Amino acid sequence: MDYKTRTKIARILIEGAIAVDTEVIILGWVRTVRISKNVAFVEVNDGSCMKNIQGVIENPENFPVLDKITTGAAVRMKGKLIESKGKGQKYEITVHSLDLVGVADSTYPIQTKRHTYEFLREIAHLRPRTNTFGAVNRLRSKIAFAIHKYYQERGFYYIQTPLISASDCEGAGDLFRVTTFNLDNIPRKEGAVDWHADFFGDETYLTVSGQLEGEVLATALGDIYTFGPTFRAENSNTSRHASEFWMIEPEMAWAELDDNMDLAEDFLKYLFHYALTECADDMEFFGQWIDKDLHRTLESVVNSEFERCSYTEAVKILEKAAQKFEFPIRWGLDLQSEHERYLTEKTFKKPVIVFDYPESIKSFYMRLNDDGRTVRGMDVLVPKVGEIIGGSQREERYDVLKDRMAKKGIKNLDNYFWYLDIRRWGTVPHSGFGLGFDRALMYMTGMTNIRDIQTFPRVPNWAKF
RNA sequence: UCCCCUGUAGCUCAGUCGGUAGAGCAGCUGACUGUUAAUCAGCGGGUCGCUGGUUCGAGCCCAGCCGGGGGAGCCA
């Protein structure tokens with residue numbers, strides 16, 4: 001094969017790195033074919049970029065293989081790069097030889113027309129060959145790289161936290177259990193399941209967050225970040241939730257909530273700006289076909305100063321709001337989606353960071369304020385989506401943390417000895433947050449369903465492919 | 001988990017009052033001197049989600065089940 005000698009389409013159409021009249025070999029998949037008596041056009045995409053390159057065949061009768069060159073077929077196309085004689089593209093290829101590498105017969109499900117997302121989800125193994133899903137997957141790669149670039153350039157260390165965990169982090173009952181037990185014959189001792197007999201000698205789960213381990217490393221390396229998968233067994237049936245998703249969780253020692261907000265704001269702006277400038281080809285497609293306001297929305301986030309508003313102020317604003325809400329507003333109640341969207345879309349018309357939430361509605365690890373009733377938690381809210389980041393300054397005082405864990409009803413405190421130990425010796429103020437990778441990508445692309453942002457989504461009742 | 005909507009050809013959908021199945025696209029065959037989701041002509045294509053019920057007769061009405069979508073909650 002011509003793996004090493006072929007020219008990727010992006011080199012020609014995006015980078016402009018190939019001179020006219022150069023002999024090139026294109027390896028790719030046929031998007032559409034148009035054949036008439038004296039000329040045929042074969043449009044090929046090789047995945048390297050959004051755009052297709054058009055092969056022109058001036059004497060189709062000499063290319064009997066054209067009969068089998070159909071939408072979806074894999075082909076090798078050799079010819080000379082020329083300036084296009086037709087309208088609609090700058091370059092095209094005068095084809096000298098054309099080989100069918102892999103046939104796609106008439107049962108190939110992707111047609112040269114728009115398909116519904118619902119249909120494409122059922123062919124998740126083929127949808128990356130469409131424009132939309134090609135663009136999504138290219139952007140995923142670029143933004144994953146941008147995330148590493150951002151933190152590495154700022155002296156954060158990338159750490160790998162365990163996916164199998166014995167702690168249930170926030171005490172929620174929404175975990176996937178990990179076991180090697182034969183489910184038809186589970187060992188029991190005095191009536192109860194004998195977890196000592198299980199593989200790890202204890203109950204274990206798929207992690208819901210790498211935060212607690214991240215705190216351990218931050219209080220040794222200073223600044224760290226995690227970037228990996230997490231798992232939630234919640235029966236959430238929405239367009240924004242998946243059972244398996246990737247999170248970015250930076251954690252900084254010596255940092256307080258203000259530093260945390262600064263990082264969250266700067267990080268989001270960096271990612272959006274990176275997408276707009278480094279992925280312009282694919283972003284143009286999203287702006288044209290998925291969300292006409294996409295560029296305006298992203299640019300406004302990049303160029304705005306995020307508003308910072310305490311929970312208490314936010315409640316006052318919402319109480320005075322002219323709008324009727326479905327859910328009640330009262331100090332002590334959590335903000336609902338409709339409230340968050342009102343704040344970011346109506347009141348401030350830009351991203352908002354809400355902070356200092358009531359102690360009663362937030363997790364045990366958030367630092368208790370001097371007022372004794374609020375904690376140093378923060379949520380970053382953006383127009384159109386609402387909450388995109390959740391984070392906090394962590395409770396670094398041993399006694400206060402232990403009390404709050406007990407108060408929050410965490411049962412097996414012994415399992416958290418290590419988490420408490422980092423407060424016992426050399427404790428230090430530290431802060432961090434979590435950004436959902438897939439949700440950030442939804443915002444960047446305008447795609448409205450997480451099942452179409454993840455390549456192989458896992459949601460309740462769906463783990464195919 | 002709750003509320004609402006939905007399931008008919010490969011895809012997107014229509015199907016009236018309950019009377020036995022339709023269109024566009026795709027596919028196939030042919031035509032066509034540069035096309036851009038090419039165009040034009042012809043042809044083939046159905047377990048109406050499943051099970052049961054009502055009825056002389058059900059794609060249509062009723063019940064249950066299964067699948068899909070949107071919204072809410074939980075959150076990232």
Side-chain angles (χ1 to χ4, degrees), chain A residues 31-43 51-61 67 70-72 82 84-89 92 94 104-123 126 130-131 169-170 172-174 208-211 226 229-249 264 289 325-327 334-338 340-341 361-363 379-382 385-391 433-443 448-454 459-462 464:
Chain A
R31 283 299 176 79
T32 173
V33 187
R34 294 175 287 272
I35 302 173
S36 60
K37 196 174 178 184
N38 296 313
V39 64
F41 302 92
V42 180
E43 249 184 79
K51 294 186 171 70
N52 307 328
I53 199 145
Q54 173 169 279
V56 184
I57 293 160
E58 283 175 337
N59 40 355
E61 70 276 9
D67 284 347
T70 53
T71 299
I82 59 167
S84 178
K85 293 178 193 166
K87 288 174 187 164
Q89 61 280 316
E92 62 191 19
T94 307
D105 67 14
S106 64
T107 59
Y108 182 61
I110 296 172
Q111 304 168 3
T112 54
K113 61 173 251 179
R114 295 194 81 161
H115 293 286
T116 58
Y117 291 124
E118 292 79 15
F119 171 67
L120 291 169
R121 276 170 213 155
E122 291 173 2
I123 50 168
L126 298 172
T130 64
N131 285 338
C169 194
E170 305 188 18
D174 54 357
V208 296
S209 163
Q211 180 200 313
T226 73
T230 50
F231 307 88
R232 306 268 168 101
E234 288 153 359
N235 189 15
S236 300
N237 292 287
T238 83
S239 55
R240 302 183 307 286
H241 290 82
S243 309
E244 175 182 323
F245 62 98
W246 282 51
M247 268 208 292
I248 304 106
E249 296 180 289
W289 296 101
F325 294 114
E326 189 189 338
F327 290 90
D334 208 353
L335 302 180
Q336 305 294 321
S337 296
E338 55 174 345
E340 293 179 342
R341 293 190 60 166
I361 58 172
K362 290 293 185 182
S363 297
D379 285 343
V380 180
L381 315 178
V382 290
V385 166
E387 183 181 340
I388 193 166
I389 280 179
F433 61 80
L435 170 67
F437 182 51
D438 308 287
R439 284 208 186 155
L441 284 164
M442 286 171 72
Y443 202 73
T448 54
N449 197 315
I450 199 164
R451 298 175 186 100
D452 301 322
I453 275 291
Q454 299 188 324
V459 295
N461 274 315
W462 188 269
K464 282 181 201 160

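In the text below, chain A, chain B and the rest are named by the order of the sequence lines, each starting its count at 1. These figures come from a predicted structure and were not determined experimentally.
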Does the structure show a Watson-Crick or G-U wobble partner for B:G7, both distances under 3.5 Å? Name it, or say none. B:C66
The side chain of A:Asn461 lies closest to which of these nucleotides: B:G67, B:C28, B:U35? B:G67
If you check the A:Ser337 side chain, which of B:C75, B:G27, B:G69 turns out closest? B:C75
May I ask you to decide if A:Phe245's main-chain N or O and A:Thr230's side chain share a donor-acceptor pair within less than 3.5 Å? yes
Quiz question: by atom type and distance under 3.5 Å, do the side chains of A:Glu58 and A:Thr94 form a donor-acceptor pair? no
Looking across every strand, which nucleic acid part, if any, lies under 4.0 Å from A:Asn237 by heavy atom: base, sugar-phosphate, or nothing? base
Which distance, rounded to the nearest 0.5 Å, do you find between the CZ of A:Phe437 and the CD1 of A:Ile453? 9.0 Å
Would you give the length of the straight line joining atom CZ of A:Arg121 to atom CZ of A:Arg451, rounded to the nearest 0.5 angstrom? 6.0 Å
Once you apply a heavy-atom cut-off of 4.0 Å, does A:Ser36 come out as touching a base, just sugar-phosphate, or nothing? base
Which nucleotide in the list B:C32, B:G71, B:G34 gets nearest to the side chain of A:Ser239? B:G71
By nearest nucleotide on RNA chain B, pick out whichever of A:Arg114 and A:Met247 is the more 5' one. A:Arg114
Which part of the nucleic acid does A:Ala242 contact within heavy-atom distance under 4.0 Å: base, sugar-phosphate only, or nothing? base
Measure from the side chain of A:Glu118, starting at C-beta and using heavy atoms only, and say which of B:G69, B:G34, B:U35 lies closest. B:G69
Just verifying a value: how many Å separate A:Phe433 CZ and A:Asp379 CG, rounded to the nearest 0.5 Å? 12.5 Å
Could you work out the separation of B:G10 and B:C48 based on their P atoms and round it to a whole Å? 12 Å
Suppose you measure atom P in B:G18 against the same atom in B:C61; what distance do you get, rounded to whole Å? 9 Å
To the nearest Å, give me how far apart CD1 (A:Ile248) and C1' (B:C75) are. 16 Å
Can you check whether any acceptor in the base of B:C74 is under 3.5 Å from a donor in the side chain of A:Ser236, or vice versa? yes
Taking atom P in both B:G15 and B:G49, what distance in whole Å separates the two? 15 Å
Given atom CZ of A:Arg232 and atom P of B:C74, what is their separation to the nearest angstrom? 14 Å
Let's see if you can work this out: which of B:G69, B:U35, B:A72 has an atom nearest to the side-chain heavy atoms of A:Thr238? B:A72
Which of these, A:Asn131, A:Thr71, A:Thr130, sits in a side-chain hydrogen bond (donor to acceptor under 3.5 Å, both in side chains) with A:Arg31? A:Asn131
Any side-chain N or O of A:Arg121 less than 4.0 Å from the OP1 or OP2 oxygen of B:G69? yes
Opposite nucleotide pairing with B:G59, Watson-Crick or G-U, both atom distances under 3.5 Å: none
Return yes if the base of B:G34 and the side-chain atoms of A:Glu92 contain a donor-acceptor N/O pair under 3.5 Å, otherwise no. yes
Scan A:Glu326 against the nucleic acid and name what it touches under 4.0 Å (heavy atoms): base, sugar-phosphate only, or nothing. nothing
Atom-pair distance (CD1 on A:Ile57; C1' on B:U33), nearest Å: 15 Å
What is the distance from atom OG1 of A:Thr116 to atom CD of A:Glu122, rounded to the nearest 0.5 Å? 8.0 Å
Could you tell me how far apart A:Asp452 (CG) and B:G69 (C1') are, to the nearest whole angstrom? 12 Å
With the side chain of A:Arg451 defined as its heavy atoms from C-beta on, choose the nearest nucleotide among B:G69, B:G71, B:C74. B:G69
Tell me which of A:Gln111 and A:Glu58 sits closer to the 5' end of RNA chain B, going by the nucleotide each one is nearest to. A:Gln111
Nearest 0.5 Å, please: how far is CD in A:Glu340 from CG in A:Leu335? 6.0 Å
C1' spacing across the pair B:C2 / B:G73, given as an integer number of angstrom: 8 Å
Within the stacking criterion (centroid distance below 5.5 Å, interplanar angle below 30°), does A:Phe41 stack on B:G34? no
Gap in Å between the two C1' atoms, one belonging to B:G67 and one to B:U29, rounded: 38 Å
Please give, in whole Å, the distance from B:C25 C1' to A:His115 NE2? 10 Å
Which one is paired to B:U1, where only Watson-Crick or G-U wobble pairs with both distances under 3.5 angstrom count? B:A72
Say we look at B:U16 and B:A31: how far apart would their C1' atoms be, to the nearest angstrom? 40 Å
Starting at atom CD of A:Glu340, determine the distance to atom C1' of B:A72, rounded to an integer number of angstrom. 13 Å
Does a side-chain heavy-atom distance below 4.5 Å link A:Val39 with A:Val56? yes
Describe the nucleic acid contact of A:Thr70 in one word from base, sugar-phosphate, nothing, applying a heavy-atom distance below 4.0 Å. nothing
Grab the N/O contacts between the protein and nucleotides 42-48 of chain B below 3.5 Å, and write none if there aren't any.
none

Is it the case that the side chain of A:Thr238 and the backbone of A:Arg240 share a donor-acceptor pair, with hydrogens and angles ignored and the cut-off at 3.5 Å? yes
Could you check whether A:Gly434 gets within reach of a base, just the sugar-phosphate, or nothing at all, counting any heavy atom under 4.0 Å? sugar-phosphate
Sugar-phosphate, base or nothing in reach of A:Ile388, heavy atoms under 4.0 Å: sugar-phosphate
Determine the interatomic distance between P on B:G19 and the same-named atom on B:C62; round to the nearest Å. 15 Å
Donor-acceptor pair (no angle test) under 3.5 Å: A:His241 side chain, B:C75 base: yes
N/O donor-acceptor pair under 3.5 Å between A:Glu92 side chain and A:Lys85 backbone: yes
Quick one: label A:Phe327 by what it contacts on the DNA or RNA (base, sugar-phosphate, nothing), any heavy atom closer than 4.0 Å. sugar-phosphate
OP1 or OP2 of B:G73 sitting under 4.0 Å from any side-chain N/O of A:Gln336? yes
What is the base-pairing partner of B:C28, counting Watson-Crick and G-U wobble geometry with both distances under 3.5 Å? B:G42
With heavy atoms under 4.0 Å as the rule, sort A:Thr116 into base, sugar-phosphate or nothing. sugar-phosphate
Separation of A:Ile450 atom CD1 from B:C74 atom C1', in whole Å? 14 Å
Could you state the interatomic distance from CD (A:Gln454) to CE (A:Met442), rounded to the nearest 0.5 Å? 9.5 Å
Write down the partner of B:U12 under the Watson-Crick or G-U wobble criteria, each distance required to be under 3.5 Å. B:A23
Distance check, C1' atoms only: B:C3 and B:U51, in whole angstrom units. 26 Å
Mind checking if A:Thr32 touches a base, just sugar-phosphate, or nothing, with heavy atoms under 4.0 Å? sugar-phosphate
Looking across every strand, which nucleic acid part, if any, lies under 4.0 Å from A:Arg240 by heavy atom: base, sugar-phosphate, or nothing? base
What is the distance from CH2 of A:Trp462 to C1' of B:C66, rounded to the nearest Å? 14 Å
Reckon A:Phe119 touches a base, only the sugar-phosphate, or nothing at all at heavy-atom distances under 4.0 Å? sugar-phosphate
